[in-house]
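Down below is the structure, laid out as structure tokens.
Along the sequence shown, residues are numbered consecutively beginning with 1. Just follow the structure's listing: the first ligand is 1, and inside any ligand the first atom is 1.
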Amino acid sequence: MKINQNFSNLAENYLFSTVGAKVSAYQKAHPESKVIKLSIGDVTRPLAPAVIEAMHRAVDDLSHAERFKGYGPDRYCYGYDALIDSIKSSYAKKGVALSSDEIFISDGAKSDLGNILDLFSADNTVLVPDPVYPVYVDTNVMAGRRILFANADEQNGFLPMPDKKVKADIIYICSPNNPTGAAYNREQLKAWVDYAIASDALILYDAAYEYFIQDPDLPRSVFEIEGARDCAVEICSYSKTAGFTGVRCGYTVVPNTLKREGFSLSRLWARRQSTKFNGASYIAQMGAAAVFTEEGEKEIAANIDYYRGNARRIAACLDSLGIWYTGGKNSPYLWMKCPRGMNSWEFFDYLLENANVVGTPGSGFGKNGEGFFRLTAFGTHENTEEACQRMRELLK
Ligand code: PLP
């Protein structure tokens, strides 16, 4: 028996463990300190009442023989009609018409981002942005694919554009982006779609943060862009939209028009999912189906507004200090340039020791993250306000 040797090519990811260890050591040495974390990458608001009610009803269904549900429906890879219909109607509001067999329900975006690679040969070259959500890199390292990086930096506002000289087969785009919070506009996304079509490449479009988009001119789905149905798959999640990080539900859209080498990608994905996956739980799916109801949307909007309030506080703080940053307006992430020429970890230590505020060093997301720092809007208003006051005082 032989091990997949590609695992030995994975870089150790020390980022969050080092952040955690440094914070614990600081708190141990300074038990009186009140450390505030602007590094939280998980949601903190409770689920919307409409979701909770729907999940309670689903549990009741499971407790009655006549309403009991086992495996999900075979049709549409175990996605229940109520959920698929609600996703279709949410896309219709963006001007995108989908058919039910183009929507695949999952237990979240991370699984689909990794699993969809089953469809593609290991010979493909992959293009990922730098800095990057590490899952795009590690899943391809595990499969032994060649990885190229598209440089995101201060000059391009951390929104790299296609380079015709670069030939890639699979292109990752995450907009609004984690970690940078930057979001592509229509023209920029169109340029990526045109590039993908011209080079017969496939875009894997991660829309996990689309609900944070406030600017009505920004696209919330890649399928709002002409041509995308022929070159893109969109991976979506209820995690940040509706606080489902612990519940687990997401969906991936694979258009029926998307074909490569004579294969329909939606049929391949259906085959892959029905072979290796048995669906997201009924309870999670019923909760998710309540998200895009009138009531559910109002309630999740209130939660997202809560986080937006924090993003506005942090943005106002950075503005008042004259610090360059991306994100914050259409994203829960703010990506700031470290002040006074510090590198990412120097600034981490400086902020922890002098303001008792924690963020995430940008260098942990790729070489272009060096000298940058990620702050998040997932804390409480009170803590975020206090952290901002401390930063104002320290960095003025
Ligand atoms: N994509 C991005 C860019 C993320 O930041 C995350 C989670 O942090 C995910 C996907 C994973 O989402 P899920 O909870 O649906 O697996």
Step by step, work out the ring-ring contact (aromatic ring centres under 6.0 Å, His included) result for Y251 and F104. CA-CA 5 Å; Y251 50 98; F104 297 84; over 10 Å; no
Judged by atom type as modelled, is there a donor-acceptor pair below 3.5 Å linking the side chain of N156 to the main-chain atoms of N151? yes
Protein contact of atom 5 (O) of ligand 1 - nearest heavy atom, named by residue and atom, plus distance: Y209 OH, 2.6 Å
Ligand 1 versus C174: contacting region, heavy-atom distance under 4.0 Å: side chain
Please test Y136 against F149 for ring-ring contact (aromatic ring centres under 6.0 Å, His included), starting from the C-alpha separation and ending with a verdict. CA-CA 11 Å; Y136 309 157; F149 291 92; over 10 Å; no
Do E102 side-chain atoms and N256 backbone N/O form a donor-acceptor pair below 3.5 Å? yes
Counting non-hydrogen protein atoms only, what is the nearest one to atom 7 (C) of ligand 1? Give residue, atom name and distance. K240 NZ, 3.5 Å
Examine Y333 against ligand 1 and note whether any of their N/O atoms are separated by less than 3.5 Å. no
Under 4.0 Å from a heavy atom of R248: which atoms of ligand 1 are those, numbered in the order shown and with their elements? 13 (P), 14 (O), 15 (O), 16 (O)
Can you list everything that forms a salt bridge (Lys or Arg N to Asp or Glu O under 4.0 Å) with D153? Sequence neighbours excluded, please. none
F372 versus F347: any side-chain heavy-atom pair under 4.5 Å? no
Check each atom of ligand 1 against the heavy atoms of K110 and keep those under 4.0 Å away; list them by number with element. 11 (C), 13 (P), 16 (O)
For ligand 1, is there an N or O atom under 3.5 Å from any N or O atom of S237? yes
Heavy atom of the protein closest to atom 11 (C) of ligand 1 (residue, atom name, distance): Y133 OH, 3.4 Å
Please check: side-chain N/O of R390 versus main-chain N/O of N356, any donor-acceptor pairing under 3.5 Å? yes
Protein heavy atom at shortest distance from atom 14 (O) of ligand 1: S239 OG, 2.6 Å
What protein heavy atom sits nearest atom 12 (O) of ligand 1, and how far off is it? A109 CB, 3.7 Å
Do L218 and I173 land in one hydrophobic cluster if side-chain heavy atoms of ILVMFWY residues count as linked below 4.5 Å? no
Please report which non-hydrogen protein atom sits nearest to atom 3 (C) of ligand 1, along with the residue it belongs to and the distance in Å to one decimal place. D206 OD2, 3.2 Å
